[in-house]
Amino acid sequence: MFVIITYDVNEKRVGKVCKKLREYLDWTQNSVFEGEITIGKYKKCMVELNKIVNKETDSIYVYQVKNPRNIKKMVHGREKNPLDLFL
């Protein structure tokens with residue numbers, strides 16, 4: 001399945017959440033990750049994220065897309081991608 005995950009977490013946990021999501025998905029923008037993921041890996045990712053975040057103060061939004069061919073992605077402005085990290 002294709003997922004888009006966004007998050008709003010305390011500064012102390014931002015790095016940990018970002019690092020964990022990079023293991024599973026592609027970074028597209030600050031606090032936004034997306035990509036194809038198996039259901040098993042998705043469940044594992046969420047278990048690991050739940051160990052990091054504080055459910056009282058932090059938020060993680062997951063948008064599951066069963067058929068990613070139905071999504072049209074348009075970027076206005078500069079598109080960020082993992083290669084930007086090395087330039």
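These values consider heavy atoms only, across backbone and side chains, with no hydrogens, waters or symmetry-generated copies.
- Here K16 pairs with I52 under the side chain to side chain contact (heavy atoms under 4.5 Å, CB included) rule; sequence neighbours left out.
- Within the 4.5 Å cutoff, the side chain of M1 has heavy atoms near those of the I39 side chain.
- Atoms CG and OG, from D8 and S31 in turn, are 7.0 Å apart once rounded to the nearest 0.5 Å.
- Note that CD of Q64 is 11.0 Å distant from CD1 of I4, once rounded to the nearest 0.5 Å.
- Taking the salt bridge (charged side-chain N to carboxylate O under 4.0 Å, His left out) definition, one finds that E48 meets it with K20, sequence neighbours left out.
- Evaluated for a side-chain contact (heavy atoms from CB on, under 4.5 Å) with Y24, the options V3, I5, I37 yield exactly one hit, I37.
- Looking at Y7 and F33, their side chains come closer than 4.5 Å, going by heavy atoms from C-beta outward.
- Within the 4.5 Å cutoff, the side chain of T6 has no heavy atoms near those of the Q29 side chain.
- In this structure, CD in E34 is found 12.0 Å from CG in L21, a value given to the nearest 0.5 Å.
- Looking at residues two or more places apart in sequence or on another chain, you find a side chain to side chain contact (heavy atoms under 4.5 Å, CB included) between D58 and V9, N10, R13, V53, N54.
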